[in-house]
Amino acid sequence: MSELRVATVLFTDLVGSTELSTQVGPVEADALRQTHFALLRGAVVSNGGIEVKNLGDGLMVAFSTSSGALACAVAMQQALERHNRGASHVLSVRIGLSHGEVTEEEGDFFGDAVVEAARLCTESAGGQILATQLVQLTSGRRASQDFGPARDVTLKGFDEPVLVVEVLWAPAEGQGRADTAPLPARCELAPEVGFIGRSTERSVLTDAFKEVRLIPR
């Protein structure tokens, strides 16, 4: 059964994943990919997002508030920047954000906001965050981020240009020095779930959590 609701949607994409796999080999590339997802998921959990699905090289995440989505996007870039300070291989992610009405069906989301966020992710460069201006406007005074000037961007599949802003961010202070030795990839991993077994019970809890998190307040 489908349900219409308002959400802010966030897409990420790991830049150059194919080239990275070629350089380091499949085993190390898989470890780096897991580290990348662990860093992203830490930001999602900290900012109240719901992971909709894993896209192979990125995530689709939904938020009940634009301010939470913006904070998550910045936290993602800051976490990756911190990781890269002493890493042998740099991880770079691009991020797209959009806000609007979406249809939820069997745990997935559909609608213009979803397509816009995915297209803006593709339009972004590594380390960049692009958002529709509506994300900025709906976040109001709750958003502490700075934004670049709004500009019209033509996105594939849309007849009219979309007003887009760049979400500006800087490395977080007090998170270690550039010469700090990085943790082994295995130590940076965060478990995707906190329980073993009881898949039916976990599925019920996950659906209930999604329902509660995305109810407008």
Side-chain angles (χ1 to χ4, degrees), residues 5-15 36-52 55 58-85 90-102 109 111-155 158 161-176 178 190 213-217:
R5 61 179 64 201
V6 175
T8 305
V9 183
L10 179 154
F11 275 83
T12 75
D13 180 56
L14 179 62
V15 178
H36 145 259
F37 278 125
L39 294 171
L40 297 188
R41 285 176 174 135
V44 172
V45 172
S46 298
N47 291 282
I50 297 295
E51 181 179 333
V52 179
L55 302 167
L59 297 176
M60 175 183 173
V61 187
F63 295 83
S64 59
T65 65
S66 294
S67 58
L70 288 167
C72 178
V74 170
M76 285 176 168
Q77 296 291 15
Q78 290 176 333
L80 288 163
E81 187 278 334
R82 178 173 180 258
H83 165 81
N84 289 337
R85 293 178 192 179
V90 171
L91 298 174
S92 180
V93 162
R94 49 189 165 209
I95 300 176
L97 296 161
S98 184
H99 178 84
E101 290 188 343
V102 298
F109 291 80
D112 285 352
V114 175
V115 179
E116 285 177 347
R119 295 282 189 263
L120 287 177
C121 181
T122 302
E123 290 284 332
S124 302
Q128 189 177 36
I129 305 168
L130 293 182
T132 60
Q133 190 182 45
L134 187 57
V135 173
Q136 178 188 10
L137 296 175
T138 53
S139 63
R141 291 183 296 174
R142 290 182 178 272
S144 59
Q145 297 78 21
D146 292 323
F147 300 88
R151 57 189 175 91
D152 283 332
V153 175
T154 301
L155 300 177
F158 291 89
V162 177
L163 272 174
V164 173
V165 295
E166 181 177 0
V167 184
L168 307 178
W169 65 277
E173 297 179 359
Q175 291 193 0
R213 288 299 311 170
L214 291 175
I215 293 176
R217 298 176 182 177

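Atoms considered below: every heavy atom in the structure, side chains included; atoms not considered: hydrogens, waters and symmetry mates.
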Query raised in the report: Between Ile129 and Trp169, is a side chain to side chain contact (heavy atoms under 4.5 Å, CB included) present by the stated rule, with each step listed?
Result: CA-CA 9 Å; Ile129 305 168; Trp169 65 277; 4.0 Å; yes
Query raised in the report: side chain to side chain contact (heavy atoms under 4.5 Å, CB included) between Leu91 and Asn84: does it pass, once the steps are laid out?
Result: CA-CA 7 Å; Leu91 298 174; Asn84 289 337; 3.9 Å; yes
Report task. With side chain to side chain contact (heavy atoms under 4.5 Å, CB included) as the test, would you mind laying out the steps for Leu10 and Ile95 before giving the verdict? Result -> CA-CA 7 Å; Leu10 179 154; Ile95 300 176; 3.9 Å; yes
Query - Worked check of side chain to side chain contact (heavy atoms under 4.5 Å, CB included) between Phe11 and Thr122 - result: CA-CA 9 Å; Phe11 275 83; Thr122 302; over 6 Å; no
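Rounding to the nearest 0.5 Å places CZ of Arg151 at 7.5 Å from CD of Glu166. The structure places CE of Met60 at 11.5 Å from OG1 of Thr12, a figure rounded to the nearest 0.5 Å. The line from CG of Asn47 to CG of Leu70 is 10.0 Å long, rounded to the nearest 0.5 Å. The SG atom of Cys72 sits 12.0 Å away from atom CZ of Arg41, with the distance rounded to the nearest 0.5 Å.
Side chains of Leu168 and Gln145 form no contact here, defined as non-hydrogen atoms less than 4.5 Å apart. Put simply, the side chain of Val6 reaches to within 4.5 Å of the side chain of His99, judged on heavy atoms. A 4.5 Å side-chain heavy-atom check between Asp152 and Val162 finds every atom pair outside the cut-off.
When all heavy atoms are compared, the tightest approach of Ala172 to Arg85 is O-NH2, 3.5 Å. Taking all atoms of both residues into account, the shortest heavy-atom contact from Asp112 to Phe158 is O-CZ, 3.8 Å. Residues Ser92 and Gly127 share a closest heavy-atom pair of OG-N, 3.6 Å. Residues Glu116 and Ser98 come closest through the heavy atom pair OE1-OG, 2.5 Å. Across every non-hydrogen atom of Ala69 and Phe63, the tightest pair is CB-CD1, 3.5 Å. Across all their heavy atoms, Glu81 and Pro171 have their closest contact at OE1-CB, 3.5 Å.
A donor-acceptor pair under 3.5 Å is formed between the side chain of Gln78 and the backbone N or O of Ala170. Listed for the Gln77 side chain is a donor-acceptor partner under 3.5 Å among the backbone atoms of Val93.
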Side-chain donor-acceptor pairs under 3.5 Å in residues 130-140, sequence neighbours left out?
| unit_1 | atom_1 | unit_2 | atom_2 | d |
| --- | --- | --- | --- | --- |
| Thr138 | OG1 | Ser66 | OG | 2.6 |
| Thr138 | OG1 | Leu134 | O | 2.7 |
| Thr138 | OG1 | Val135 | O | 3.2 |
| Ser139 | OG | Val135 | O | 3.4 |
| Ser139 | OG | Gln136 | O | 2.7 |

